[in-house]
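Here the structure comes first, spelled out in structure tokens, and everything after it is commentary.
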Amino acid sequence: MSRPSTRHSATLIAGCVTAGLIALLALVSLLWVPYAPDDTSGGRLAGPGGGHLLGTDKLGRDLFTQLMTGSRIAFEAGLGSVLIAAAIGITLGVLAAFTRGWLDDTLAALLDILIAFPTLLLAMLVVAARSATLASAVLAIGLAQSAVVGRLVRILVKRVLAQDYITAARTSGTSWPRIVAGHVLPNIWPTLVVNLALQFGLAILAEAGLSYLGLGAPPPNASWGRMLQEAQATFTTAPAGALAPGILLVMLVIGVNLIADGLRDTLDPAARGRR
Amino acid sequence: MNITKISLYSGAALLGLTLTACGGGAGGSGAAGGAYDKNATVNIGSLYEPQNLDNTAGGGQGVTEALNGNVYEGLFKLTDTGKVEKLLAKDYKVSPDGLTYTFTLRDGVTFHSGKKLTSEDVKYSLEKVLAKDSQSARKSNLEVVKSIATPDARTVRVRLSKKSISFVYNLSYVWIVNSQAKNLKTSEDGTGPYRLRKWTRGSALALDRFAGYWGGAARNKQAVFHYYKDATALNNALLTGAVDVVTSEQSPDALDQFKNNQNYKVSDGNSTTKLLLAFNDKAKPFTDVKVRQAVSSAIDDKKLLESVWGGYGKLIGSMVPPTDPWYEDLTKVNAYDPARAKRLLAEAGYKKGFTFTLETPNYDPHPIAATFIKSQLAKVGVTVKINTITPDQWYTKVYQNRDFTATLQEHVNDRDLVWYGDPNFYWGYDNKQVTQWVDQAEQASTTAEQTRLLKKVNRKTAEDAASDWLYLYPQIVVANSKLSGYPVNGLNSQFYAYDIKKG
């Protein structure tokens with residue numbers, strides 16, 4: 001087999017650079033931000049430049065500071081949701097694929113229902129049961145995505161289980177946990193990672209959507225979605241407030257998708273062969 | 001964003017007939033001095049679509065905006081400047097003990113269905129407001145009504161159980177409906193200058209001039225209310241000419257595009273909508289007057305108003321806006337003074353501050369105000385946890401169950417100071433003296449006496465920091481300059497369309 005072509009690596013590198021820049025912002029925000037998040041000394045809707053790189057919002061808070069905090073929240077939302085989705089999805093998917101019979105059917109039906117259930121509605125339910133926090137939003141997104149992951153894992157595992165080497169392993173007396181760890185997971189891993197990377201991007205978008213609706217991270221947390229919502233009314237007079245979080249959101253999601261594409265090209269032997 | 005104003009109507013909105021402050025600017029002048037199109041269609045843009053068309057069935061503020069005065073009329077009307085004038089009542093007499101009101105109805109009034117107005121309809125309409133299932137905002141105010149008699153077709157006699165100086169004012173909120181009418185949630189039968197042509201849910205409500213109107217005919221042929229979910233879309237509609245006037249702008253930042261354009265006229269009228277940081281006066285630590293005063297002194301209201309509304313709006317030091325007769329400038333009471341706030345906190349035993357949860361409705365301007373309050377209170381050592389809730393949650397959790405420590409809420413009505421006289425109201429302010437003053441004011445014989453007593457209530461509640469009154473909203477109407485004669489004050493969210501001339 002040939003090495004992945006340079007075009008494929010370029011995709012991965014472009015993705016890593018784009019998302020990496022924002023990851024860097026998020027990391028730096030843990031240690032340092034230009035202004036305190038609740039510092040309202042900047043004056044209403046000050047323009048970019050001067051003491052404030054991107055200007056200020058209605059309350060006089062520094063926009064760049066909010067963007068940095070927002071990128072941290074975006075990563076928290078993305079990682080948190082994907083972790084929940086992976087944990088639940090992989091468990092259910094493997095379980096369904098192995099059990100077959102009525103349990104498989106039930107689980108498959110459950111996953112299909114969960115997929116059909118709008119993420120937004122699910123999030124509203126979770127928020128109503130708990131309260132509007134980042135954790136609630138992450139939980140809701142993670143639950144919704146676990147169905148997608150679960151269904152994918154179920155199909156992938158079933159395909160692997162039909163292979164001869166599994167039959168060989170079983171006849172040689174290998175225990176089920178060892179088959180899962182040693183044969184199944186390594187074989188579905190490439191496809192799964194690509195899917196999880198895509199889910200990461202989707203989770204960030206979903207969190208921004210929820211925050212836009214006031215169902216995500218509560219104020220004063222500077223989620224990008226909340227920033228967009230707050231800047232909506234002042235878009236004609238102070239466009240930076242809406243443009244900046246919008247551009248970062250697009251950059252991050254595109255970056256993550258490029259990474260997913262690059263990973264697929266690098267990891268998935270089937271796809272590699274076709275090129 | 002869909003802006004849901006939770007409209008909490010007064011337990012006893014008090015009013016004298018003539019003693020009203022009239023502060024509003026005049027309607028837009030524009031091109032139409034005399035020449036105007038008598039058959040014009042006026043397109044009105046609004047964010048408040050009615051839920052249904054019955055104001056005793058929870059239709060929301062949109063019902064008042066579209067139908068009050070346009071389709072339905074009361075015995076009295078509240079003008080745009082806040083005066084109460086006779087409308088369907090030609091005359092009325094009050095007995096010396098103040099308990100019997102005798103109304104004589106105007107002649108020649110017919111409903112849109114063609115039936116003549118009689119005293120039976122008035123009785124029916126009043127009873128409809130007082131009915132058990134009525135959700136009328138004025139139900140509790142009118143519960144002083146003991147009996148309604150109709151000696152003849154043109155006379156209505158109402159007996160009250162106790163004196164009520166604001167009875168006539170409250171009647172301006174009671175629509176006179178045909179007693180034989182059906183399906184009032186989706187159709188209408190009033191006496192107003194317009195009849196309903198068509199209500200397209202989610203989009204528009206069209207009114208046609210009523211040919212059989214008893215008074216002066218509407219100055220335009222059609223008034224159409226167009227409903228938008230989003231303020232930006234509404235402003236765009238005005239820019240593209242899809243609507244001629246916007247009833248109430250909700251953000252100052254869109255205004256520049258109209259202010260610098262001679263095709264539009266921006267009016268800054270009087271509003272009665274106040275933004276409150278309402279403490280639960282029955283929950284610790286806000287049971288302590290010093291803590292309430294401290295929090296009020298720690299928040300720079302001026303900066304908040306500037307942040308949310310640019311140069312618009314006004315500061316208030318109490319529940320009373322300048323248009324209420326018992327207004328007094330109390331902005332100096334518990335004014336912004338962080339040093340005083342720290343001192344008061346120390347005196348109350350909270351030298352190291354405390355933490356409380358602020359129940360914050362999830363629509364503008366509450367989240368931004370909550371953020372601001374959090375940052376201000378942090379400077380005096382008080383930690384605020386912001387809990388975002390929906391309007392429904394606010395209604396059950398805060399308003400009904402009183403399960404809160406402090407909350408943000410906008411209060412839209414005029415003359416709603418009197419709620420501080422009700423110890424069972426959601427904010428739990430309980431001062432026997434204030435309750436007594438409010439009671440006496442309602443039973444006062446003269447408006448001067450009423451005003452004197454309510455001024456005392458005003459000052460006392462302000463000094464006690466019963467709530468923290470952050471600011472008074474502006475009421476901004478933007479119209480095409482071809483338009484004139486539209487209301488600019490939007491008291492209680494009514495919008496009379498019949499005087500609008502389109503040049």
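Order of the sequence lines sets the chain letters (A, B, ...), proteins ahead of strands, with each chain counted from 1.
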Side-chain contact test, heavy atoms from C-beta onward, threshold under 4.5 Å: evaluate it for B/Thr390 versus A/Met124 and give yes or no.
no

With rounding to the nearest 0.5 Å, note down the distance linking OG1 in A/Thr133 to CD1 in B/Ile386.
13.5 Å

With sequence neighbours left out, the residues meeting side chain to side chain contact (heavy atoms under 4.5 Å, CB included) with A/Asn257 are A/Leu198, A/Val253

Is any side-chain heavy atom of A/Pro218 closer than 4.5 Å to one of B/Lys385?
no

The complete set of salt bridge (charged side-chain N to carboxylate O under 4.0 Å, His left out) pairs with one or both residues in residues 109-122 of chain A, sequence neighbours excluded, reads A/Asp112-A/Arg151

I want to check something: taking the side chain as every heavy atom from C-beta on, are B/Asp364 and A/Glu230 in contact at a cut-off of under 4.5 Å?
no

Set of side chain to side chain contact (heavy atoms under 4.5 Å, CB included) partners for A/Ser29, sequence neighbours left out:
A/Val33, A/Met68, A/Arg72

Residue by residue, scan residues 40-47 of chain A and write down, ordered by number, those that have a heavy-atom distance under 4.5 Å to chain B; if none do, write 'none'.
A/Thr40, A/Ser41, A/Arg44, A/Leu45

Considering only heavy atoms, which portion of B/Val384 lies under 4.5 Å from any heavy atom of chain A: side chain, backbone, both, or neither?
neither

Chain A contact via B/Thr232 - side chain, backbone, both or neither, heavy atoms under 4.5 Å:
side chain

Kindly compute the distance separating CG (A/Leu213) from OG1 (B/Thr388), expressed to the nearest 0.5 Å.
12.5 Å

If you tally heavy-atom pairs under 4.5 Å against chain A, which of B/Gln257, B/Gln393, B/Lys303, B/Lys374 wins?
B/Lys303

